[in-house]
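Lettering of chains follows the sequences in order, A, B, ..., and the numbering in each one begins at 1. Everything numeric here is computed off the predicted structure, so don't read it as measured data.
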Number of protein chains: 2
Amino acid sequence: MERKKVTLQDIAKALNITPSAVSKALSDHPRMSQKTKDAVNKMAEELNYKPNQIAAALRSGQSKLIGVIVPAANISFFSSVIRGIEETVNKAGYSVILTQSDDSVKKEKDIINTLLATRVDGVIAALGLKTKKYQHFEKLKEENVPLVFFDRIIKDFGVSTVEVDDYKGAYNAVSHLIEQGCKRIAHLAGHSHMELYKNRLKGYKSALRDASLPVEKELIIQSDLHLEDGRNGMLQLLAMKDRPDAIFCSSDYTAVGALQIAREQNIIVPDEVMIFGFSNEPFTSYLDPGISSVDQSSIIMGHTAGELVLEHIKSTNSDFTAKNIVLNPTLIIRNSSKNF
Amino acid sequence: MERKKVTLQDIAKALNITPSAVSKALSDHPRMSQKTKDAVNKMAEELNYKPNQIAAALRSGQSKLIGVIVPAANISFFSSVIRGIEETVNKAGYSVILTQSDDSVKKEKDIINTLLATRVDGVIAALGLKTKKYQHFEKLKEENVPLVFFDRIIKDFGVSTVEVDDYKGAYNAVSHLIEQGCKRIAHLAGHSHMELYKNRLKGYKSALRDASLPVEKELIIQSDLHLEDGRNGMLQLLAMKDRPDAIFCSSDYTAVGALQIAREQNIIVPDEVMIFGFSNEPFTSYLDPGISSVDQSSIIMGHTAGELVLEHIKSTNSDFTAKNIVLNPTLIIRNSSKNF
DNA sequence: CTGAAAGCGCTTACAG
DNA sequence: CTGAAAGCGCTTACAG
């Protein structure tokens, strides 16, 4: 039943020229007469010709496909980066293949095999939370597939990266809390095998030290940073004899969890305890009090990641040098950390 | 510099058999000796062979690619559906090409041309807000590309669809507000050329009528349903001499906007006015009061859309019949609509 | 400026 | 159970 697809050949026959001429005319080859180009384009229109990108990909070795790997597409930060990536690469004629690792190393490996089989022209990835070995990403390098890491990156892997300055974001956030008069600031931290959480922890500690405040181990609680982890962490902190007067969270979800517990225990935010999040998820502004957060300019991160991968694709092996772009974090101060 | 890729041919040569034998062995063809299969698999491993999906696609006519069209990937509802789609089709060996229309008809058209060129095996789409003509989607049908609409669907288009029962969701939500004692319920509605907003409006009206309450035009405000529209709508409603005692919003974003204005004007939700949203975006549960909403089971919608497109792909033209699946909405009652 | 020819790496009837 | 052969629909050096 399938209607026969119109091919280059059909256009060539109809115009009594060769397929090569048609191909060149369609791709607007410089050494082609305008007359032929016009005729070809007109006939292509008439016959309702749709180029077969698969055939072109096989022949040219360019699939015009970029693989994107995220832990989960429905986490707001990732979905925004995805949006940014798609916008940028789409303008350059590339499509995005979206994949999700669910923070599983096995899935990450499977995905990389699939992307390799699909012959994507490049890959943009945020590492899974549990990923501590990188052989599967090495495979991409071996096969010369341009690779860019964003947000959850590996240092010194020889590929371009884009991240927000997590150290600075954390340092500034904690310094802000100190300026508000907080003396005992807790940190709901992520696991420190991830560069970005390690850096946020460092920023937190430095800010305390620079203000001559002690760094207390019991005030630093590591977790997966889900909302539930925020609730648990907050319960733990509020159970202390000497309660903290501020909580710096490495994730907005964790910050919401902390806020919920505060509400449930009738502890007033920010009067009794201030809360600061990270990522500036849109919902932080919907809450009451709004949660202060560190903006990571996720859409810009997506644009940047897209540009980096396109650059790498266009470069020859010899002239390529990995770029490590660090975006500036912006503090978004809301009522959860304001002195009234 | 590009290392020569290992192909089927290389395996064939190494084993002194034909490429066809290798191909059959790799795809686990039933009429192939286990001995050959083992030898081929071992050699493939040894040579670090990566199948070329592009070549397979060209030859077999199956790209193993599913195009997904959403207005924006970073709207929580869509990102969840995308997550569901990816999970489902990935299990069946398909990859997702993610595209965004930005609610622009022109982009929708461009996307469809790209997907056609990429020879995707199927398309799953949510219509753009402004899309009122469907020739570009007709093209997919003409080319026999299986198509599934979700959420923002077209009726009687002859393709499978999956949606939530918007009429019922709205009817139940408004009925709930009436049970709470509300007598004057406003509706922040979407544009009614979209089936789903039309159905929510119908559900709203029916619920009022069934409770012998009047349907008042001035209480129905149409908009694009962004947060800002919720703020504006709420301002308009609160400016009335006879204020509504409840607002049923066709979007959670609009509901947040309404809630913000209430807060700013020191109007207590739910005591003075109740608020009900639609979509059950995660953030509705983070707010205080939590906003009641209609859950659309977005991940399940994604799974269903994925299954529908796979079914269509597997079917022959003769035995295919479009399915229209209507998921049951679930009311999630939070404090914004509870009588205390 | 245009054409002839080869080939990208697979899969799939067909034959035996 | 295995092989020989054709071909999917393009693009790209090469020649003229």
[X]: which residues meet the salt bridge (Lys or Arg N to Asp or Glu O under 4.0 Å) condition with it, sequence neighbours left out?
X	result
A:Asp156	none
A:Lys107	A:Asp102
B:Arg59	none

Specify the separation, in whole Å, of atom CD1 of B:Ile54 and atom C1' of C:dT11.
15 Å
Can you tell me the distance, in whole Å, between the CZ atom of B:Arg119 and the P atom of D:dG9?
8 Å
Can you sort out the partners of [X] under side chain to side chain contact (heavy atoms under 4.5 Å, CB included), two or more places apart, ordered by chain and number?
X	value
B:Lys132	B:His193
A:Ser101	A:Ile69, A:Pro71, A:Glu108, A:Ile111
A:Lys109	A:Val105, A:His136

Would you tell me if any nitrogen or oxygen in the side chain of [X] comes within less than 4.0 Å of OP1 or OP2 on [N]?
X	N	result
B:Ser23	C:dT11	yes
A:Ser27	D:dT11	no
A:Ser60	C:dC8	no

Are there any protein N/O atoms within less than 3.5 Å of an N/O atom in nucleotides 4-6 of chain D, and if so, which ones and at what distance?
residue, atom, partner, partner atom, Å
D:dA4, N7, B:Ser20, OG, 3.4
D:dA4, N6, B:Ser20, OG, 3.1

Bracket notation of DNA chain C in which parentheses pair within the strand, [ ] cross earlier pairs, and | pairs with another strand (Watson-Crick or G-U, under 3.5 Å):
|||.||||||||.|||
Under the side chain to side chain donor-acceptor pair (under 3.5 Å) test, which residues partner B:Lys91, sequence neighbours left out?
none
Compare the minimum distances between each of C:dT2, C:dG3, D:dC10 and the side chain of A:Ile17, then state the nucleotide with the smallest one.
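In terms of side-chain proximity for A:Ile17, the closest of C:dT2, C:dG3, D:dC10 is C:dG3.
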Report the nucleotide, chosen from C:dG9, D:dC10, C:dT11, that has the shortest atom-to-atom distance to any side-chain atom of A:Leu58.
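Shortest atom-to-atom distance from the side chain points to C:dG9.
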Member of A:Asp121, A:Val123, A:Thr118 meeting the side-chain contact (heavy atoms from CB on, under 4.5 Å) criterion with A:Leu65:
A:Thr118
